[in-house]
S.K.: 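Just passing along the structure, written as structure tokens.
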Amino acid sequence: MKSAAAAPAPPSPRRPPSAGAPPSAPAGRPAPALVRLPIVLIAALLACLLLPRVRDNTNLFAAFAGAAAGLLAWQVVLWLRARRSGRALAVEYLPPVRQHYIQACVQLCLYAYWGYWWVQPDGGRPIYAQAPLVLAQIAFLYAFDALFAWSRGRVWRLASGPLPIVLSTNLFIWFRDDWFVWQFAMITVGLLGKEFVRWQKEGRRTHVFNPSGFGLAVAATVLIATGSVDLTWAKPLATTIDNPPQIFLFLFGLGLVVQHFFAVTLMTFAAAATMVAINLGYTQATGVYLFGSTNLPAAAFLGLHLLMTDPSTSPRSNLGRAVFGAGYGLGYVLVFQLLGAIGAPELFAKLYPVPILNLCVQRLDGLARRGLTGRLNARWEQALPPRTLNALHMALWAALFFALWGTGYVGGRDHPGDSIAFWKQAVAAGKPEAARKLVMVAGSQAVARQSPDALNELGILTIGGEIEHADARTELKSAANWWAQAAERGSLEACENLVATYLFLGAYRSDQELAAANQAVQRAAQQGRARSCFLLGFAHEVGKGLPPDAGRALAFYRRAGDGDVPAQKGIARLALRPGGASIDLARAVPALERAATAGDGESAWLLAHLHAAGRGLPRDEAQAAAWRQRAVALGWPPAQAAPTGDLPPFAVPERRLLAPPWATAFPL
């Protein structure tokens, strides 16, 4: 008797994959002809040695030669091992993953647009100039990927994965040519993080971290720990992203492409909304701006579009994505504040939340599958077909963005915080974190716009210890460097500060630089500029840089005007010198009295001596004693060092004590 065949079970309905679902591991096809591709890529690296930029820089040449030589030696070892074992090196070709080539196209569009508008004073376009080095990194990483796979006894699966690692990494950090070997190391760390840090997710073994985000976070940590940020282009990259016109609108448009294909809209939407809400609350509470010169930094806007939105390392559920995005917005603010508090560059704030949130992905999706939150997420996801629901999310994000953009909240060019004067006033008013934001804004304007006034201000902030806490000699050297850059770009204030550094501190970098600054000061003095007149008067008074000549010193001091307190103090000093009895102090005394009343110890000390000597004021011992006590109370060193009793004879203090405030284009 024949047994009845079991009736086939009806096929179970297949649920269409949600938009942006992670692709299953694709099947590759053998490609034995491509086994020679790594050696071709190594040859391409060696060919880069012929580029003038590489050939003319010893360290860059060594980085390329070393990378190529290392890969070549590795390849030879693998060939020899394969010959001994009889096991051939194998390659499988995988078609490009949509996620990778769409992201690459978006990133290349950004490079093209940003690169066109980022122009240096010499006319160079750094992003375009960097293109050969970016291509070299792609060749390096593909070759490394092949050799690494063969070293582990695997088939090399030639895929599109290394491409977005390189392109995304180079949006945020480039090492300068002298240190370019670390660029190869950084992208390698990103690839190794993808290889070794893995977990079981949705039934398959996959990587935990966004590879470029992981490599960037590791590099940022090393740079901060070693104080080596200036070995990279990280600062210019973070500031010049704001240069292109309508950059927010451009990034928004690029983001729509990624959001349409991979349903990551909720992440960007939630991140932006969170950052806007926190900034509004901060501004309402303090009267100043959380991010300094803007309501939402363009670099952060780039991060929430093209860094954190990797579909492979982000949640799959709507609720998970919304919480992930809000976590990025909150994380950015917290890291921004933390980096500022420890004196590290805030520009890395956009990098650190990504790997931290990558670690939370499974917990966030778990939250969206259980209990009340799970039921809410299920109703949310089932309300409409996935593509329709994503289109609705995109529409909501577009509504928020255009509300922000249309009102000038983002993308506006006249933000009150984008002003050094604003933050100097905030510092004077004791506003929270105003000193840190002043350094940020001055640094941004100096780097992104090459503003001579901002460069000069950085010199003032440096010598005041606001930027780096170092010994006085180091601070002076760093300040002089900023002033030299500002002077080259036409800042008269910087020229005056260079001359003042020479006159009062006896320091200068080169004869040529000092001569150029002196010429600028002399031209300005001829036109009646007060600070320049004062400096020439002081040079004649002390005979440094110019012949000693009390008459010419007095003439320059008078030309500076009654409102220039340092010049009026110079007149008083000349009057107290032997032979100075005939000098008219009628205009100098009121200026000294106002300055002493406002807290200037030197003016009080001079008034004490003028009363004691009867020069320009009635001889009055009581008044002399009162002004002397005022000078002591205000901390004027010669007054504090003088013995009690009778007022000692007047002596000109050492020059550093007579230095005026540094010249600035933003006086309070």
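Here the structure is a predicted model, which means the values were calculated and not measured. Heavy atoms only: backbone and side chains are in, while hydrogens, waters and symmetry mates are out. Positions are given from 1 along the sequence.
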S.K.: How long is the span from the CG atom in Leu41 to the CD1 atom in Ile138, to the nearest 0.5 Å?
M.R.: 10.5 Å
S.K.: Just wondering, are more than 12 heavy atoms of other shown residues or ligands nearer than 6.0 Å to CZ in Arg363?
M.R.: no
S.K.: Are Leu302 and Leu110 close enough that some pair of their side-chain heavy atoms sits under 4.5 Å apart?
M.R.: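 A side-chain contact under 4.5 Å exists here.
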S.K.: Salt bridge (Lys or Arg N to Asp or Glu O under 4.0 Å) between Glu346 and Lys235: does it pass, once the steps are laid out?
M.R.: CA-CA 10 Å; Glu346 294 91 344; Lys235 290 179 180 178; over 6 Å; no
S.K.: Taking C-beta and beyond as the side chain, do Leu158 and Leu94 meet within less than 4.5 Å on heavy atoms?
M.R.: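 Of all side-chain heavy-atom pairs linking Leu94 with Leu158, none is under 4.5 Å.
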S.K.: Given the side-chain rings of Phe184 and Phe144, with only the six-membered ring counted for Trp, is the space between their centroids under 6.0 Å?
M.R.: no
S.K.: Please determine, by modelled atom types, if Trp156 and Asp145 share a side-chain donor-acceptor pair under 3.5 angstrom.
M.R.: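 Side-chain D/A pair, Trp156 to Asp145: present.
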S.K.: Give me the atom names and distance for the closest heavy-atom approach of His100 to Pro164.
M.R.: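 Minimum heavy-atom separation between His100 and Pro164: CD2-CG, 3.7 Å.
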S.K.: Looking at side-chain heavy atoms only, is the closest gap between Leu147 and Gln75 below 4.5 Å?
M.R.: yes
S.K.: Distance only, no hydrogens: is a donor on one side chain within 3.5 Å (strictly under) of an acceptor on the other, for Asn243 and Thr240?
M.R.: no
S.K.: Ser228 and side chain to side chain donor-acceptor pair (under 3.5 Å): which single residue from Asp230, Thr232, Thr226 fits?
M.R.: Thr226
S.K.: Give the minimum heavy-atom separation between Leu237 and Ile173, together with the two atoms involved.
M.R.: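 Shortest heavy-atom contact: CD1-N, 3.8 Å.
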S.K.: Nearest 0.5 Å, please: how far is CD in Gln137 from CD1 in Ile187?
M.R.: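 If we round to the nearest 0.5 Å, Ile187:CD1 and Gln137:CD are 5.0 Å apart.
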S.K.: Heavy atoms, side chains only, cut-off 4.5 Å: are His260 and Met394 in contact?
M.R.: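 Counting from C-beta outward, His260 and Met394 do come under 4.5 Å.
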S.K.: Which atoms form the tightest heavy-atom contact between Val264 and Pro311, and what is the distance?
M.R.: CG1-CG, 4.4 Å
S.K.: Any side-chain heavy atom of Leu254 within less than 4.5 Å of one from Cys109?
M.R.: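 Heavy-atom side-chain distance check passes, below 4.5 Å.
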S.K.: Is the distance between the ring centroids of Phe301 and Phe291 under 6.0 Å?
M.R.: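 No, the ring centres sit 6.0 Å or more apart.
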S.K.: Hey, mind stepping through Asp310 and Gln99 against side chain to side chain donor-acceptor pair (under 3.5 Å) and telling me if it holds?
M.R.: CA-CA 8 Å; Asp310 176 16; Gln99 171 185 326; 2.8 Å; yes
S.K.: Do you know the tightest heavy-atom contact between Thr309 and Val258?
M.R.: OG1-CG1, 4.4 Å
S.K.: Does Arg176 count as lying over the ring of Trp233, i.e. NZ or CZ under 6.0 Å from the six-ring centre, within 45 degrees of the axis?
M.R.: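 Yes, Arg176 and Trp233 form such a contact.
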S.K.: Report yes or no: does Asn377 contribute a side-chain atom to a donor-acceptor pair with the main-chain N or O of Leu319 at less than 3.5 Å?
M.R.: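 A pair under 3.5 Å: yes.
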S.K.: Where does the angle between the aromatic ring planes of Trp405 and Phe401 fall among parallel (under 30°), tilted (30 to 60°) and perpendicular (over 60°)?
M.R.: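 Parallel: the ring planes of Trp405 and Phe401 meet at under 30°.
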S.K.: Heavy atoms only: give me the nearest Phe336-Leu290 pair and the separation to one decimal.
M.R.: CE2-O, 3.3 Å
S.K.: Atom CD1 of Ile224 and atom CD1 of Ile342: how far apart are they, to the nearest 0.5 Å?
M.R.: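 Between atom CD1 of Ile224 and atom CD1 of Ile342 there are 6.0 Å.
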S.K.: Please step through side chain to side chain contact (heavy atoms under 4.5 Å, CB included) for the pair Ile102 and Phe262, ending with a clear verdict.
M.R.: CA-CA 10 Å; Ile102 288 177; Phe262 308 116; 4.0 Å; yes
S.K.: Could you check whether any side-chain N or O of Arg198 sits under 3.5 Å from a backbone N or O of Lys194, counting only pairs where one atom can act as donor and the other as acceptor?
M.R.: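 It does hold such a pair.
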S.K.: Between Phe402 and Phe252, is the ring centroid distance below 6.0 Å?
M.R.: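 Judged by ring-centre distance (under 6.0 Å), Phe402 and Phe252 do meet the cut-off.
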S.K.: Aromatic contact between Phe180 and Phe175, with the criterion being ring centroids under 6.0 Å apart: yes or no?
M.R.: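 No - the distance between ring centres of Phe180 and Phe175 does not fall below the 6.0 Å cut-off.
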S.K.: Please check this pair: side chain of Thr373 against backbone of Leu367, looking for a donor-acceptor N/O pair closer than 3.5 Å.
M.R.: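 Checking the backbone N and O of Leu367 against the side chain of Thr373, a donor-acceptor pair under 3.5 Å is found.
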S.K.: Is there a donor-acceptor contact under 3.5 Å from the side chain of Asp365 to the main chain of Arg316?
M.R.: yes
S.K.: Could you report the tightest heavy-atom contact between Ala298 and Ile247, atom names first, then the distance?
M.R.: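 Between these two residues, the closest heavy atoms are CB-CG2, 4.4 Å.
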S.K.: Please confirm whether the backbone N or O of Leu171 pairs with a side-chain atom of Tyr111, one donor and one acceptor, at under 3.5 Å?
M.R.: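 Between the backbone of Leu171 and the side chain of Tyr111 there is a qualifying donor-acceptor contact (under 3.5 Å).
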S.K.: Can you list the steps and then say if Leu389 with Asn318 is a side chain to side chain contact (heavy atoms under 4.5 Å, CB included)?
M.R.: CA-CA 10 Å; Leu389 192 58; Asn318 283 348; 3.3 Å; yes
S.K.: Is it true that the side chains of Thr265 and His393 contain a donor and an acceptor less than 3.5 Å apart?
M.R.: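 Their side chains do not contain a donor-acceptor pair, so the 3.5 Å distance test is not met.
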S.K.: Check whether any side-chain heavy atom of Lys350 sits under 4.5 Å from a side-chain heavy atom of Tyr328, and report yes or no.
M.R.: yes
S.K.: The test is side chain to side chain donor-acceptor pair (under 3.5 Å); show your working for Ser151 and Trp74 and say whether it passes.
M.R.: CA-CA 9 Å; Ser151 296; Trp74 193 0; 2.7 Å; yes
S.K.: We want to know whether Asn57 and Asp178 form a side-chain donor-acceptor pair, criterion being a heavy-atom distance below 3.5 angstrom.
M.R.: yes
S.K.: Between Arg321 and Glu381, is there a side-chain N and carboxylate O pair less than 4.0 Å apart?
M.R.: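 So Arg321 does not pair with Glu381 through a salt bridge.
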S.K.: Within 45° of the axis and under 6.0 Å from the centre of the six-membered ring of Tyr116, does NZ or CZ of Arg125 qualify?
M.R.: yes
S.K.: Decide yes or no on side chain to side chain contact (heavy atoms under 4.5 Å, CB included) for Arg81 and Leu78, but give the supporting numbers first.
M.R.: CA-CA 5 Å; Arg81 191 175 73 175; Leu78 290 173; 3.5 Å; yes
S.K.: Check for a donor-acceptor pair, side chain of Thr274 on one end and backbone N or O of Ala270 on the other, with a separation under 3.5 Å.
M.R.: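 Checked: pair present.
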S.K.: Show your reasoning for whether ring-ring contact (aromatic ring centres under 6.0 Å, His included) applies to Phe148 and Phe140.
M.R.: CA-CA 12 Å; Phe148 185 75; Phe140 168 85; over 10 Å; no
S.K.: Closer than 3.5 angstrom, by distance alone: can the side chain of Lys201 be matched with the main-chain N or O of His207 as a donor-acceptor pair?
M.R.: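 Judged by distance alone, no pair lies under 3.5 Å.
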S.K.: Going through the checks in order, is the side chain to side chain contact (heavy atoms under 4.5 Å, CB included) test met by Tyr332 and Leu304?
M.R.: CA-CA 10 Å; Tyr332 180 93; Leu304 57 88; over 6 Å; no
S.K.: Measuring from Thr268:OG1 to His305:NE2, what's the distance to the nearest 0.5 Å?
M.R.: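 If I round to the nearest 0.5 Å, the distance is 5.0 Å.
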S.K.: Would a 4.5 Å heavy-atom cut-off, applied to side chains only, mark Leu133 and Arg53 as touching?
M.R.: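 Yes, their side chains come closer than 4.5 Å.
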S.K.: Can you tell me how far the CD1 atom of Ile42 sits from the CZ atom of Arg36, to the nearest 0.5 Å?
M.R.: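 Ile42 CD1 to Arg36 CZ: 14.0 Å, rounded to 0.5 Å.
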S.K.: Between Ser212 and Asn210, is a side chain to side chain donor-acceptor pair (under 3.5 Å) present by the stated rule, with each step listed?
M.R.: CA-CA 6 Å; Ser212 56; Asn210 176 328; 2.9 Å; yes
S.K.: Are the side chains of Leu72 and Ile39 in touch, meaning some heavy atoms are under 4.5 Å apart?
M.R.: yes
S.K.: What's the spacing between Asn390 CG and Leu266 CG if we round to 0.5 Å?
M.R.: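 Going from the CG atom of Asn390 to the CG atom of Leu266 covers 7.5 Å.
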S.K.: Gln103 and Ser168: side-chain donor and acceptor closer than 3.5 Å?
M.R.: no
S.K.: How about Trp380: does its CH2 atom have over 12 heavy atoms from other parts shown lying under 6.0 Å from it?
M.R.: yes
S.K.: Going through the distances and angles, do Thr221 and Tyr352 end up as a side chain to side chain donor-acceptor pair (under 3.5 Å)?
M.R.: CA-CA 9 Å; Thr221 302; Tyr352 284 109; 2.8 Å; yes
